[in-house]
**Student:** 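My questions all concern the structure below.
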Protein chains: 2
Amino acid sequence: MTSPATRQAKQARGDLFDPDCPTRRLLDRIGTKWTSMVIKVLADAGDGEVRFADLRRRTPGVSQKMLSVTLQSLTRDGLIARRVEPTVPPKVHYRLTDLGRSLNVPLTALRDWAEAHMVEIDRANAVQSAESTRGANRST
Amino acid sequence: MTSPATRQAKQARGDLFDPDCPTRRLLDRIGTKWTSMVIKVLADAGDGEVRFADLRRRTPGVSQKMLSVTLQSLTRDGLIARRVEPTVPPKVHYRLTDLGRSLNVPLTALRDWAEAHMVEIDRANAVQSAESTRGANRST
DNA sequence: CGGGATCCAGAGCGATACTG
DNA sequence: CAGTATCGCTCTGGATCCCG
């Protein structure tokens with residue numbers, strides 16, 4: 001997530017181009033393995049809240065630790081809201097904030113692009129592999 | 001970049017939801033530190049080609065190794081095209097492909113969101129810090 | 001039930017040095 | 001000029017155990 005130390009070092013070096021580039025910082029967040037999927041799950045839930053266990057079930061493959069960490073990050077960033085029911089077995093509910101929902105818009109665009117074009121990327125990779133497999137016979 | 005081994009394991013476990021989710025795979029690519037910036041630099045160059053050294057100059061902070069690696073990935077994925085002038089000091093030119101340019105569209109949306117809303121995320125983080133600094137005095 | 005703490009393997013990435 | 005190879009650090013993220 002681009003540690004503060006790194007950014008400090010850059011600023012100390014005198015190049016202030018970095019603060020102009022919040023894109024990297026955003027990508028560092030949504031690029032973290034489970035973030036975008038959690039946002040999608042919450043977005044699909046509409047305005048409803050989702051409990052921790054439900055989130056875990058709807059996010060296959062996530063460990064409880066990483067789900068916990070992801071939810072903490074998103075909460076700190078103000079993208080999701082946390083509500084705790086102080087019952088004896090505590091129930092914790094999560095939902096997207098307005099900010100989180102607004103992020104979901106460009107994120108959905110990216111998802112759509114991915115679903116539409118990842119096959120082309122796969123095909124491109126396949127071509128490269130094929131070219132390296134056969135030695136290099138251009139003509140004929 | 002979500003190793004093939006990981007995906008194999010998941011398929012072996014029987015949950016085939018993952019291949020349905022190319023978003024993760026896309027984020028693994030554009031989430032890699034320099035990818036989105038290189039795409040932006042090339043997109044800003046219009047349909048023109050940019051040489052390696054130019055790219056490096058316009059992508060402050062990148063090492064020649066990481067730029068090289070990033071360009072290789074993008075080339076394999078068919079997002080950029082590579083043209084080599086076989087002169088004695090070789091000149092290599094890069095440009096976005098149509099696929100790369102189409103990716104730049106949702107990516108630009110994400111950049112716009114970042115520039116518009118990262119301050120809110122920073123503010124949210126500041127609030128959390130403040131709340132943890134002062135013990136916890138709610139009323140008043 | 002929800003989540004914090006710890007340990008550990010692996011990937012990302014930077015610095016440096018060498019090649020065609 | 002453009003790239004490859006090696007080393008080493010850091011950070012991610014998974015497994016496991018423990019707590020309220």
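Numbered from 1 within each chain, the chains take letters A, B, ... in sequence-line order. What you see is a predicted model; the values in this text were computed from it and never measured.
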**Student:** In a check of side chain to side chain contact (heavy atoms under 4.5 Å, CB included) between B:T35 and each of B:L71, B:L107, B:L79, B:L74, which one passes?
**Tutor:**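 Single pass found, and it is B:L74.
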**Student:** Among all residues two or more places apart in sequence or in another chain, which pass the side-chain contact (heavy atoms from CB on, under 4.5 Å) test with B:N125?
**Tutor:**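 For B:N125 the side-chain contact (heavy atoms from CB on, under 4.5 Å) partners, ignoring immediate neighbours, are A:R29, A:R76, A:D77, B:I121.
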**Student:** Using only side-chain N and O atoms of B:S68, determine if any of them is under 4.0 Å from OP1 or OP2 of D:dT4.
**Tutor:**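 Yes, because at least one side-chain N or O of B:S68 sits under 4.0 Å from OP1 or OP2 of D:dT4.
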**Student:** When you measure from the side-chain N and O atoms of A:T32 to the phosphate of D:dG13, is any distance below 4.0 Å, counting only OP1 and OP2?
**Tutor:**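 Yes.
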**Student:** Sorted by first residue and then second, give each salt bridge (Lys or Arg N to Asp or Glu O under 4.0 Å) pair with at least one member in residues 79-95 of chain B; sequence neighbours left out.
**Tutor:**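 Only B:E49-B:R83 qualify under salt bridge (Lys or Arg N to Asp or Glu O under 4.0 Å).
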**Student:** Give a yes/no on whether any side-chain N or O of B:Q72 is located under 4.0 angstrom from OP1 or OP2 of D:dT4.
**Tutor:**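 Yes, B:Q72 has a side-chain N/O under 4.0 Å of OP1/OP2 on D:dT4.
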**Student:** Got a sec, which residues hit salt bridge (Lys or Arg N to Asp or Glu O under 4.0 Å) with A:D112, two or more places apart in sequence or on another chain?
**Tutor:**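 With sequence neighbours excluded, A:D112 shows a salt bridge (Lys or Arg N to Asp or Glu O under 4.0 Å) to no residue whatsoever.
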**Student:** Applying salt bridge (Lys or Arg N to Asp or Glu O under 4.0 Å) as the test, list every pair that has at least one member in residues 99-111 of chain A; sequence neighbours left out.
**Tutor:**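 Listed by first then second residue: A:D98-A:R101.
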**Student:** Taking salt bridge (Lys or Arg N to Asp or Glu O under 4.0 Å) as the definition, give me every residue that meets it alongside B:R57, ordered by chain and number, with sequence neighbours left out.
**Tutor:**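 Listed in chain order: B:D54.
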**Student:** For DNA chain D, which residues in residues 45-52 of chain A have a heavy atom at a distance below 4.0 Å?
**Tutor:**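 Residues of residues 45-52 of chain A that come under 4.0 Å of DNA chain D do not exist, since none gets that close.
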**Student:** Give, ordered by number, those residues of residues 76-97 of chain B having at least one heavy-atom distance below 4.0 Å to an atom of DNA chain D; if nothing qualifies, reply none.
**Tutor:**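 Those residues are B:R82, B:P90, B:V92, B:Y94.
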**Student:** Scan for ring pair (Phe, Tyr, Trp, His ring centres under 6.0 Å) pairs involving residues 95-118 of chain A, sequence neighbours excluded, and state none if there are none.
**Tutor:**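 Found A:W113-A:H117.
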**Student:** Check if the side chain of A:K33 and the base of D:dG13 share a donor-acceptor pair of N or O atoms closer than 3.5 Å.
**Tutor:**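 By the distance-only test, no, there is no pair.
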**Student:** Once ring pair (Phe, Tyr, Trp, His ring centres under 6.0 Å) is applied, what residue pairs with a partner in residues 37-76 of chain A remain, sequence neighbours excluded?
**Tutor:**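 Those involving residues 37-76 of chain A do not exist here.
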